[in-house]
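Sequence lines set the chain letters: A, B, ... in the order given, protein chains first and strands last, and positions in each chain run from 1. Source: prediction; values computed, not measured.
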Amino acid sequence: MKAERARAAAILQRLEKSIPDPETALAHNNPFQLLIATILSAQCTDVRVNQVTPVLFAQFPGPEDIAQANPEDLRDIIHSTGFYQNKTKNMIGCAKKLLEDYGSKVPDTIEALVSLPGVGRKTANVVLGSAFGQEAIVVDTHVRRVANRLKLTRSDDPVKIEADLAQVLPKKKWTSGAHRILLHGRYVCKARRPLCGECVLYDLCPAEKEKKAAK
DNA sequence: CTCCCGATAT
DNA sequence: ATATCAGGAG
């Protein structure tokens, strides 16, 4: 365990250099907008979400506006993010629930967040970390892949991965650390063709050693 | 486990 | 032309 923490610390130290400022890529001005943007980001790139949210928020800035919106209008705006039927329903349901149960404010606990339509653990942790400044480990597909390649976890279950990372990362670095791992996965340790040649973690990566051993 | 869907890399 | 990417709900 102690050795694992030291390895994780070494990994983080490299990533802090290669990714100095691990901020959310999702454009937003307040917790509500981040919540909606993150709901839209399910199975969709942040780049694409950022193409639709300015249009969406110009017309529907707050929960009141989205709760009352004509679903077709919302759907047309968010169409390109995919899964637009679900996402439209979720946005409206989510806005309504915020109005009815949370005084139009985005709640700041994982339990309350996860109770909102379209909000799972990943989305909840994004909001907790980036809107409320809590230490929250976001596990998305990138974090899952990178954490497994680095052998920081052996699990495919996001909840278990989150627990494993919580063990090995200092709490002060939960949000930034997970986000750096995420970004490293998006741009370097990619799903299809990982750029091992330009990876700052090259010598710390078990996946790389396995490849060499296989030769 | 299946369904929900568009965009892009190959 | 099509495989792959990217979370949540039922």
Side-chain angles (χ1 to χ4, degrees), chain A residues 22-28 31-56 63 66 71-98 101-102 106-107 109-131 136-149 153 155-165 175 178-199 207:
Chain A
E23 55 190 43
T24 336
L26 292 171
H28 64 284
F32 175 70
Q33 292 189 354
L34 179 61
L35 176 65
I36 295 298
T38 312
I39 288 174
L40 293 178
S41 80
Q43 300 285 101
C44 176
T45 63
D46 292 357
V47 173
R48 184 142 301 282
V49 174
N50 288 339
Q51 291 171 353
V52 316
T53 45
V55 180
L56 178 67
I66 290 188
E72 288 186 17
D73 293 339
L74 295 181
R75 198 196 56 200
D76 289 348
I77 295 172
I78 68 153
H79 175 269
S80 69
T81 67
F83 302 114
Y84 48 83
Q85 302 283 18
N86 290 340
K87 287 177 182 175
T88 299
K89 269 192 204 113
N90 288 152
M91 280 196 296
I92 294 174
C94 186
K96 284 184 172 164
K97 188 154 185 176
L98 289 180
D101 296 351
Y102 297 101
V106 178
T109 66
I110 190 144
E111 295 80 13
L113 283 166
V114 163
S115 80
L116 300 167
V119 180
R121 198 173 178 90
K122 182 254 174 179
T123 299
N125 277 327
V126 168
V127 172
L128 289 177
S130 298
I137 296 174
V138 171
V139 178
D140 73 338
T141 182
H142 299 298
V143 174
R144 181 171 64 95
R145 180 179 66 253
V146 176
N148 270 289
R149 284 178 178 167
T153 184
S155 177
D156 278 330
D157 171 22
V159 177
K160 179 68 166 60
I161 296 171
E162 191 182 324
D164 287 343
L165 290 177
T175 303
H179 202 167
R180 283 191 168 95
I181 292 171
L182 189 160
L183 292 172
H184 185 254
R186 182 180 298 162
Y187 298 119
V188 180
C189 196
K190 302 196 282 188
R192 296 196 213 210
R193 206 171 51 86
L195 306 177
C196 299
E198 46 194 85
C199 179

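When the side-chain nitrogen and oxygen atoms of A:R48 are compared with OP1 and OP2 of C:dA6, none of them lie within a distance under 4.0 Å. Between A:T45 and C:dA6 there is no side-chain polar atom (N or O) within less than 4.0 angstrom of OP1 or OP2.
In this structure, the side chains of A:L195 and A:K190 come closer than 4.5 Å at one or more pairs of heavy atoms. Residues A:D164 and A:K160 form a side-chain contact, since some pair of their non-hydrogen atoms from C-beta on lies under 4.5 Å apart.
Between A:Q51 and A:F83, it is A:F83 whose nearest contact on DNA chain B lies nearer the 5' terminus. Judged by closest nucleotide on DNA chain C, A:R192 is the one of A:R192 and A:V114 placed further toward the 5' end.
For the pair A:M91 CE and C:dG7 C1', the interatomic distance rounds to 15 Å; values are reported in whole Å. C:dG8 atom P lies 13 Å from atom CG of A:D157, rounded to whole Å. Between A:L35 atom CG and C:dG7 atom P the separation is 15 Å, expressed in whole Å. Between A:L40 atom CG and B:dC4 atom C1' the separation is 14 Å, expressed in whole Å. When the C1' atom of B:dC1 is taken as reference, atom CG of A:D156 falls 15 Å away, rounded to whole Å. A:D46 has its CG atom 10 Å from the C1' atom of C:dA6, to the nearest Å. Spacing between atom NE2 of A:H79 and atom P of B:dA7 amounts to 6 Å, rounded to whole angstrom units. Counting to the nearest Å, the P atom of B:dA9 and the CG atom of A:L195 are 13 Å from each other.
Taking atom P on both nucleotides, B:dC5 is separated from C:dT2 by 22 Å, rounded to a whole Å. Between C:dG10 and B:dG6, the distance separating the two C1' atoms is 23 Å to the nearest Å. Going from the C1' atom of B:dA7 to that of C:dA9 covers 23 Å, rounded to whole Å.
Between B:dC4, B:dT8, C:dA6, one nucleotide has an atom nearer to the side chain of A:H142 than all others, and that is C:dA6. With C:dC5, C:dG8, B:dC5 as the choices, the nucleotide that has an atom nearest any side-chain atom of A:K122 turns out to be C:dG8. Counting only heavy atoms from C-beta on, A:Q43 has its side chain closest to C:dG7 among B:dG6, C:dG7, B:dC5. Distances were taken from every side-chain heavy atom of A:Y84 (C-beta onward) to each of B:dG6, B:dC4, C:dC5; the shortest belongs to B:dG6. Comparing C:dA6, B:dC5, C:dG7 by their closest approach to the side chain of A:Q85 singles out B:dC5.
Between the side chain of A:N125 and the backbone N or O of A:A136 there is no donor-acceptor pair closer than 3.5 Å. The main-chain N or O of A:I39 is never found under 3.5 Å from a side-chain atom of A:N90 such that the two would form a donor-acceptor pair.
A:N90 comes within 4.0 angstrom of no nucleic acid atom, judged by non-hydrogen atoms across all strands. Within 4.0 Å of A:T123, counting heavy atoms only, lie sugar-phosphate atoms of the nucleic acid but no base atom. No contact: A:P158 has no heavy atom under 4.0 Å from any strand. Among the heavy atoms of the strands lying under 4.0 Å from A:L116 are primed sugar atoms or P, OP1, OP2 only; no base atom is included.
How far NE2 of A:H142 is from OH of A:Y187: 8.5 Å, rounded to the nearest 0.5 Å. A:T141 OG1 to A:K122 NZ: the interatomic distance, rounded to the nearest 0.5 Å, is 10.0 Å.
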